[in-house]
S.K.: 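Below: one structure in structure tokens.
Nothing here was measured: the structure is a model prediction, and the numbers come from that model.
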Amino acid sequence: MAAKTESYDRATEVKQFDDSKIGVKGLVDSGVTTIPRFFIHSPDTLSDIRRPNSTTQPDPDVIPIVDLSGVDSDLLRPTIVEKIARASRELGFFQIVNHGIGVEVLERVIGAIKGFHEQPTEVKARFYRRDMKTGVSFFSNVDLFQSKAASWRDTLQVRLGPTLPELDEIPEICRHEVVEWNQHVTKLGELLMGLLCEGLGVEKERLKELTFLDSKVMVAHYYPYCPQSDLTVESRLIQTPER
């Protein structure tokens, strides 16, 4: 007689994990040596991610790099405007360097977010939710209940616009850094919107007036140690901030 196939109720296991409010880091802290089944990806998926070929991976040189260091120069600004306008028309993406946000600011906010994720589970649990009613939510995998397999990561999400959440709703360990980060990126966003307006040939404040700057969200991922990293996806991008 053939052996019975093991039954697996993914929906129940996922719900139990989400209801626990511990996140992936909580699993690690609990001492797990095997990852829950819903984190396991198919061999085909893992193969495509870890052994990319030239036909599936974009050329990194395709993404235009725009240097903002001369943005206040009457001589250099038109060139910057044209680079941004062309990249927006032809590709829809561009990378900016020399944007005026210091490396020390980036390091402070990254360190504070890391500090939040490395707090005890019971401290983080009060922020664990999937809605953004308070403007702040901590969760594991935004598509946890819809995806075929989850990724090994936790996320802290903070609504930055049109207004910040109540300060008491932002975790104390990263509150100052999030507020500081919002001030910097708001200023940078206004600069970029102005440059885009110049490229479009419209008034400099037009996109701001249309509230294009209002919907800002900080999404801060955290990738803890995984005891079976060969079975799951730890999607991350590590970059050295440009000065």
S.K.: Using modelled atom types only, decide if a donor and an acceptor are shared between the side chain of Thr45 and the backbone of His41 within a distance under 3.5 Å.
M.R.: no
S.K.: Near Arg206 CZ, under 6.0 Å, is it more than 12 heavy atoms from other residues, nucleotides or ligands?
M.R.: no
S.K.: Would you say Val24 and Arg153 make side-chain contact, with heavy atoms under 4.5 Å?
M.R.: no
S.K.: Please walk me through it: do Phe38 and Phe17 pass ring-ring contact (aromatic ring centres under 6.0 Å, His included)?
M.R.: CA-CA 10 Å; Phe38 60 86; Phe17 168 71; 5.5 Å; yes
S.K.: Less than 4.0 Å between a side-chain N and a carboxylate O, is that true for Glu180 and Arg108?
M.R.: yes
S.K.: Does Glu172 CD have over 12 foreign heavy atoms under 6.0 Å away?
M.R.: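 Atom CD in Glu172 is not packed in, count stays at 12 or less.
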S.K.: I'd like to check Glu13 versus Arg37 (side-chain heavy atoms, cut-off strictly below 4.5 Å). Are they in contact?
M.R.: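 Answer yes - side chains close enough.
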S.K.: Above 12 or not: heavy atoms from other molecules or residues under 6.0 Å from CG of Leu75?
M.R.: no
S.K.: Has the side chain of Thr211 got a donor or acceptor atom that lies under 3.5 Å from a matching backbone atom of Asp214?
M.R.: no
S.K.: For the residue pair Tyr128 and Asp18, confirm or rule out a side-chain donor-acceptor distance under 3.5 Å.
M.R.: yes
S.K.: Decide yes or no for Leu160 and Pro165: does some side-chain heavy atom of the first lie under 4.5 Å from some side-chain heavy atom of the second?
M.R.: no
S.K.: Taking the side chain as every heavy atom from C-beta outward, state whether Met218 and Ile113 have any atom pair closer than 4.5 Å.
M.R.: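 With C-beta onward as the side chain, the pair touches.
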S.K.: Checking Val66 against Leu195 for the side chain to side chain contact (heavy atoms under 4.5 Å, CB included) test, could you report, in this order, the C-alpha distance in whole Å, the side-chain angles of both residues, the deciding distance, and whether it holds?
M.R.: CA-CA 12 Å; Val66 180; Leu195 294 170; over 6 Å; no
S.K.: So, does Arg175 use its side chain to make a donor-acceptor pair with the main chain of Ile170 at under 3.5 Å?
M.R.: yes
S.K.: Treating Asp154 as the side-chain partner and Lys25 as the backbone partner, does any N or O pair qualify as donor plus acceptor under 3.5 Å?
M.R.: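 Yes, Asp154 side chain to Lys25 backbone: donor-acceptor pair under 3.5 Å.
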S.K.: Once you round to the nearest 0.5 Å, how far does CD of Glu209 lie from CE of Met193?
M.R.: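 Taking CD in Glu209 and CE in Met193, the distance rounds to 13.5 Å.
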S.K.: Hey, quick one: are Val81 and Leu76 part of the same hydrophobic cluster, counting side-chain heavy atoms closer than 4.5 Å, chains of contacts allowed?
M.R.: no
S.K.: Are Val217 and Val219 close enough that some pair of their side-chain heavy atoms sits under 4.5 Å apart?
M.R.: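 Of all side-chain heavy-atom pairs linking Val219 with Val217, at least one is under 4.5 Å.
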S.K.: Do you know which two heavy atoms are closest between Gly199 and Ala85, and how far apart they sit?
M.R.: CA-CB, 4.0 Å
S.K.: Indicate, with yes or no, if Tyr222 and Tyr225 share a hydrophobic cluster defined by side-chain heavy-atom contacts under 4.5 Å among Ile, Leu, Val, Met, Phe, Trp and Tyr.
M.R.: no
S.K.: Using only heavy-atom distances, determine whether the side chains of Asp67 and Ser69 contain a donor-acceptor pair under 3.5 Å.
M.R.: yes
S.K.: Taking Asp9 for the side chain and Thr12 for the main chain, is one N or O donor matched with an acceptor at less than 3.5 Å?
M.R.: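 Yes; at least one donor-acceptor contact below 3.5 Å.
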S.K.: Tell me if the NZ atom of Lys83 is crowded by more than 12 foreign heavy atoms within 6.0 Å.
M.R.: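 Atom NZ in Lys83 is not crowded, with 12 or fewer foreign heavy atoms closer than 6.0 Å.
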S.K.: Do Glu190 and Lys208 sit within salt-bridge range, that is, some charged N less than 4.0 Å from a carboxylate O?
M.R.: yes
S.K.: Before we go on, tell me: are the rings of Phe138 and Phe116 under 6.0 Å apart, centre to centre?
M.R.: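 Centroid distance Phe138-Phe116: below 6.0 Å, so yes.
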S.K.: Tell me, do Phe127 and Ser137 make a side-chain contact under 4.5 Å, heavy atoms counted?
M.R.: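 Answer no - side chains too far apart.
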S.K.: Check the surroundings of atom CD in Glu203: do more than 12 heavy atoms from other residues, nucleotides or ligands lie under 6.0 Å from it?
M.R.: no
S.K.: Can you measure from CD1 (Ile22) to CG (Asp29) and round to the nearest 0.5 angstrom?
M.R.: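 Ile22 CD1 to Asp29 CG: 8.5 Å, rounded to 0.5 Å.
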S.K.: Looking at Asn141 and Ser151, would you say the former's side chain and the latter's main chain have a donor-acceptor pair under 3.5 Å?
M.R.: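 Yes, Asn141 side chain to Ser151 backbone: donor-acceptor pair under 3.5 Å.
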S.K.: Please determine whether the number of non-hydrogen atoms from other residues, nucleotides or ligands lying under 6.0 Å from atom CD of Glu166 exceeds 12.
M.R.: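 No, not enclosed.
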S.K.: Do any N or O atoms from the side chain of Arg77 and from the backbone of Asp72 form a donor-acceptor pair under 3.5 angstrom?
M.R.: no
S.K.: Determine whether Ile101 and Lys187 make a side-chain contact, defined as any pair of heavy atoms from C-beta on separated by less than 4.5 Å.
M.R.: no
S.K.: Keeping the roles fixed (side chain from Ser30, backbone from Leu27), state whether a donor-acceptor pair exists under 3.5 Å.
M.R.: yes
S.K.: Within the 4.5 Å heavy-atom criterion, are Phe39 and Gln228 side-chain neighbours or not?
M.R.: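 SC-SC contact between Phe39 and Gln228 ruled out.
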S.K.: For the residue pair Ala220 and His117, what are the closest heavy atoms and their distance?
M.R.: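 Shortest heavy-atom separation between Ala220 and His117 comes out as O-NE2, 3.4 Å.
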S.K.: Do the side-chain N and O atoms of Thr134 and Arg129 include a donor-acceptor pair separated by under 3.5 angstrom?
M.R.: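 Indeed, the side chains of Thr134 and Arg129 share at least one donor-acceptor pair under 3.5 Å.
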S.K.: Heavy-atom count check: over 12 atoms from other residues, nucleotides or ligands less than 6.0 Å from Asp74 CG?
M.R.: no
S.K.: Does the distance from a Lys or Arg side-chain N to an Asp or Glu carboxylate O, for Glu82 and Arg89, drop under 4.0 Å?
M.R.: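 Answer for the salt bridge query: yes.
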S.K.: Can you hop from Leu164 to Leu156 via hydrophobic side chains spaced under 4.5 Å?
M.R.: yes
